[in-house]
Structures are given as C-alpha cells and as structure tokens.
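A quick write-up on the structure given underneath.
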Amino acid sequence: MAVSNSGSSSGPAPSPWWSPAVHADRRPFLMARARARAAIRTWLEAEGFTEVETPVLQVSPGNEAHLHAFATRLTAPDGTASPLYLRTSPEFAAKKLLAAGEERIFEFARVFRNRERGMAHHPEFTMLEWYRTGAPYTRLMDDCAALLAAAGEAGGTRLFSWRGRSCDPFAAPERLTLVAAFERHAGMDLEALLPAPGAAPDAAAFAAAAADRGIRTAPDDSWADIFSRVLVEKIEPRLGEGRATILTDYPVSEAALARPKPEDPRLAERFELYACGLELANAFGELTDPDEQRRRFEADMALKARLYGERYPIDADFLAALAVMPQASGCALGFDRLAMLASGARRIEDVLWAPVASG
C-alpha cells in the first residue's frame with residue numbers, strides 16, 4: 001500500500017523499501033544475492049585466498065580524475081581534526097597487505113562514490129576485490145569466468161538478462177582487444193591513433209576519426225575524453241551479448257594503476273569484464289613503481305583540479321608500500337551488479353538490503 005503524500009499534487013508517493021509488500025517482492029533477489037556471495041566466498045577460499053577487512057576511512061579515497069568521494073574529518077582525543085575520506089575502493093589498503101606479506105587476499109568491501117546513482121549505480125555499494133601475487137593478469141580472466149558461473153549457479157539462472165540483452169554465464173568469455181573492438185563496433189583504427197611512448201596524444205586526429213563515425217566531440221575534448229565517448233556510445237552497449245566479454249589491451253593512458261605491457265608499452269595490462277552491455281569488473285597487472293605511480297597520480301589530480309576545482313591527497317604511505325610490494329595482479333568486481341544479473345533483478349536497488357536514502 002502506498003504511503004500518504006498529503007499536500008502534494010503529484011499523487012501518492014511510492015512505498016518505501018521497508019514496506020512489507022515491497023520487501024516481499026524484493027526478497028527473492030536478496031536471497032539470490034546471499035547465495036551468490038556465499039558461492040563466491042567458497043570458490044575463493046578453495047583457491048587459497050584469505051578474506052580480509054580493511055578500513056573505510058582513508059587518507060586518500062583514490063586519485064582518478066573522474067571519481068568523486070565523500071569527505072569527512074577525524075577528531076583526535078585532544079580535539080585536533082584532520083581530513084579523511086570514505087574509500088572509493090579498498091585498493092590502497094589491500095596493496096599494503098600485499099607489501100606486508102599476504103599472497104592471495106579478497107574483500108567484499110563497502111565503497112562509496114559520489115555523483116553516482118541510477119539503474120546500475122549506487123553511492124554506496126559492495127566491491128569484491130581480490131589479488132594474486134606472482135600471477136599474470138591473464139590468470140584473473142579465468143577467475144572472472146569461474147565467478148560468473150558460480151553466481152549464475154547460485155542465483156538459479158541459466159541466462160543473465162538486462163535491458164533487452166542476454167548473456168550465458170557458463171560460456172567461456174570472449175577475449176577482445178580494444179583495437180579489435182574499435183574496428184568491429186565503431187569502424188575506427190584505434191592502433192593508428194595510439195600515441196607513441198612519451199609522445200603527446202593527438203586529440204585532433206581522434207576527433208576527426210570520431211566525427212567520421214557520427215560521434216560528436218567538443219573543441220576542448222582531450223584524447224581520453226574522445227576515447228571514453230567512443231567506448232561508451234559505440235562499444236560498451238554491444239559487449240557481453242550471448243556470452244561475457246573480456247575487453248583487453250587498454251591504452252596505457254587509460255590505466256592509472258596498471259603496468260605497461262612489456263611487448264607494447266603503448267598498452268597496459270588491464271582488462272574489463274562485461275555482461276549484457278554492463279561493466280562488471282576491472283583488472284590490472286599492478287604497477288609497483290612508486291615514482292611512476294606518483295607521476296600518474298599528480299597528472300590525474302591536476303586534471304581533476306581543472307575539471308572539478310578540487311583534488312585529493314596522495315597517500316605517501318601507499319607509495320612507500322609499492323616499493324616493497326611483490327609483483328601482483330588484482331581485480332575489482334561490482335558485486336551488486338553481478339547479483340542483479342544472477343537474480344534477474346531490473347535495477348541495482350533491488351539487490352540492496354537497505355538502499356541509501358534519496359535525501
């Protein structure tokens with residue numbers, strides 16, 4: 001039954017999520033979520049992973065230009081205050097644990113991102129993040145395939161479906177390079193547009209190529225802006241149809257925490273996992289050069305300052321840990337999105353036990 005909305009001409013307000021009738025409708029999705037989480041935990045533990053818990057409060061929430069964090073303050077017993085942030089990822093703390101000697105770890109981490117809310121976005125969500133030391137990033141592709149199947153089995157579905165697209169979670173994912181994806185779905189030669197190592201990217205050439213394919217750009221768009229627009233408009237909606245897609249070989253400029261590929265330094269050891277046109281996971285062969293990582297962070301924060309008028313601190317303790325961290329590969333997976341597909345839910349809030357209030 002809808003709650004009263006007296007005094008408003010817009011009609012009755014929708015029932016809140018805690019209404020017994022609404023909860024009864026949502027509960028099958030929530031039960032599927034719980035089964036998927038248990039199945040994934042069981043699989044990871046069988047692979048020799050240790051579950052960890054790292055702090056939500058961080059000195060830096062992350063240093064990617066387009067991520068927006070929630071800020072807070074820590075007050076010491078003597079009354080002095082210092083700024084802290086709710087994490088956008090558990091990555092910095094997890095890598096410190098790798099530096100400390102852990103070899104295989106995972107966390108179902110509550111993370112927070114501002115300016116994000118919609119059918120597939122929520123300001124507070126669960127990120128499954130796992131790391132393997134001494135393993136190539138391609139090993140994580142196999143992990144992703146196994147976790148898709150585990151979630152599908154736990155959710156009781158043979159086919160993921162979302163917004164008119166479907167995907168078999170038990171089929172081996174397609175592995176598709178960005179160069180091949182740009183050619184297939186956008187009719188563009190990305191390889192010819194990649195900047196040489198150390199060279200400035202040619203945004204004008206990229207804009208001209210995009211215009212030939214009917215993609216609008218702005219005069220002040222950067223190379224990265226145009227890359228993202230082509231990816232979002234032409235490529236992402238067509239990934240993960242029929243079976244999952246693992247999109248590989250990102251330009252090194254689009255992989256802030258990944259190491260370059262030894263065989264082609266224009267590209268990075270990064271891939272993303274897609275199902276039903278929806279991005280599910282992002283994985284790296286992890287960069288462990290603290291000087292290069294600082295340079296990338298500083299460049300991203302300079303861009304953030306230009307675009308949004310703010311910048312986040314760089315965690316010096318994290319950079320120090322990188323200097324002793326072993327070679328590793330890591331993956332971050334949006335668990336709520338996976339639960340949504342595994343349960344047959346239409347939107348992300350259907351698989352959240354208690355969504356964040358709208359205001």
Handout entry: Trace of the ring-ring contact (aromatic ring centres under 6.0 Å, His included) decision for F284 with Y250
Key = CA-CA 10 Å; F284 295 151; Y250 275 72; 8.7 Å; no
Problem - Step-by-step side chain to side chain contact (heavy atoms under 4.5 Å, CB included) determination, R165 to F160 - result: CA-CA 8 Å; R165 300 178 179 89; F160 289 170; over 6 Å; no
Problem - Worked verdict on L338 versus L148 for side chain to side chain contact (heavy atoms under 4.5 Å, CB included) - result: CA-CA 8 Å; L338 180 58; L148 285 179; 3.8 Å; yes
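Residues passing the side-chain contact (heavy atoms from CB on, under 4.5 Å) test with H121, sequence neighbours excluded: E116, R337. Partners of Q293 under the side-chain contact (heavy atoms from CB on, under 4.5 Å) rule, at least two apart in sequence or in another chain, are L257, L287, R296, F297, F318, L319, L322.
Side-chain contact check for V56 versus F112: some heavy-atom pair is nearer than 4.5 Å. Put simply, the side chain of F108 reaches to within 4.5 Å of the side chain of E51, judged on heavy atoms. No side-chain heavy atom of V52 sits under 4.5 Å from any side-chain heavy atom of F106. Counting only heavy atoms from C-beta outward, the side chains of T248 and L267 never approach each other to under 4.5 Å. Side-chain contact between D336 and R33 is present, with at least one heavy-atom pair separated by less than 4.5 Å. Considering only heavy atoms from C-beta on, T72 stays 4.5 Å or farther from Y85 through its side chain. Residues L128 and I40 are in side-chain contact: their nearest non-hydrogen atoms beyond the backbone lie under 4.5 Å apart. You'll find the side chain of R311 stays beyond 4.5 Å of the side chain of N63, heavy atoms only.
Distance check, rounded to the nearest 0.5 Å: OG of S228 to CD of E254 gives 5.5 Å. Atom CD1 of I226 is separated from atom CG of L231 by 13.5 Å, given to the nearest 0.5 angstrom. Separation of atoms CG (N114) and CG (L67) is listed at 11.0 Å; rounding is to 0.5 Å. Put simply, CE on M325 and CG on L97 are 11.0 Å apart, with the number rounded to the nearest 0.5 Å. Note: I105 CD1 to K95 NZ = 10.5 Å, rounded to the nearest 0.5 Å. With values rounded to the nearest 0.5 angstrom, C167 atom SG is found 8.0 Å from L341 atom CG.
Ring-plane geometry between H23 and W353 is classed as tilted, the angle between the planes lying from 30 to 60 degrees on a 0 to 90 degree scale. Ring geometry for F227 against W223 counts as parallel: the plane angle stays under 30°, on a 0 to 90° scale with 60° as the upper cut.
Here D249 does not pair with R270 in a salt bridge; the nearest charged N to carboxylate O distance is not below 4.0 Å. We find that R132 and D143 are joined by a salt bridge, their nearest charged nitrogen and carboxylate oxygen being less than 4.0 Å apart. Electrostatic pairing of R117 and E349 counts as a salt bridge here, judged by a charged N lying under 4.0 Å from a carboxylate O. Salt-bridge formation is not detected for the pair E241/R163: no Lys NZ or Arg NE/NH1/NH2 atom is positioned less than 4.0 Å from an Asp or Glu carboxylate oxygen. Looking at E292 and R295, a side-chain N of the basic residue comes within less than 4.0 Å of a carboxylate O on the acidic one, giving a salt bridge. One finds a salt bridge joining E269 and R259 here, because a Lys/Arg side-chain nitrogen approaches an Asp/Glu carboxylate oxygen to under 4.0 Å. Electrostatic pairing of R158 and D168 does not count as a salt bridge here, judged by no charged N lying under 4.0 Å from a carboxylate O. Taking the charged nitrogens against the carboxylate oxygens, R229 and D221 do have a contact shorter than 4.0 Å, which makes a salt bridge. In this structure, E47 pairs ionically with R139, as a charged nitrogen and a carboxylate oxygen lie closer than 4.0 Å. Using a 4.0 Å cut-off between a side-chain N of Lys or Arg and a carboxylate O of Asp or Glu, R213 and D189 do not qualify as a salt bridge. The existence of a salt bridge linking R87 and E107 is confirmed by a sub-4.0 Å separation between a basic side-chain nitrogen and an acidic carboxylate oxygen.
Residues T126 and R110 bring a donor and an acceptor atom of their side chains to less than 3.5 Å of each other. Side-chain contact check for Q327 and T133: no donor-acceptor pair (N or O, by modelled atom type) lies under 3.5 Å. Counting only N and O atoms by type, the side chains of E286 and S329 include no donor and acceptor under 3.5 Å apart.
No donor-acceptor pair under 3.5 Å is formed between the side chain of T245 and the backbone N or O of L247. Formation of a donor-acceptor pair under 3.5 Å by the E129 side chain with backbone atoms of E91 is found in this model. Counting only distance, with no hydrogens or angles, the side chain of Y308 and the backbone of H68 share no donor-acceptor pair below 3.5 Å.
The same ILVMFWY cluster, assembled from side-chain heavy atoms under 4.5 Å apart, contains both Y274 and F182. Both M340 and F29 sit in one connected hydrophobic cluster of ILVMFWY residues. Membership requires side-chain heavy atoms under 4.5 Å apart, directly or through other members. By the rule that hydrophobic residues join a cluster once side-chain heavy atoms approach within less than 4.5 Å of another member, M119 and I348 end up as members of one cluster. Residues V252 and F206 do not share a hydrophobic cluster, defined by chaining ILVMFWY side chains whose heavy atoms lie under 4.5 Å apart. Note on F70: it does not cluster hydrophobically with M127, by side-chain heavy-atom contacts below 4.5 Å among ILVMFWY residues.
Minimum interatomic distance between L30 and D350 (heavy atoms only, all atoms of both residues): CD2-O, 3.9 Å. Scanning all heavy atoms of the two residues, the minimum distance from T217 to A207 falls at OG1-CB, 3.8 Å. Across every non-hydrogen atom of K234 and P237, the tightest pair is C-CD, 4.2 Å.
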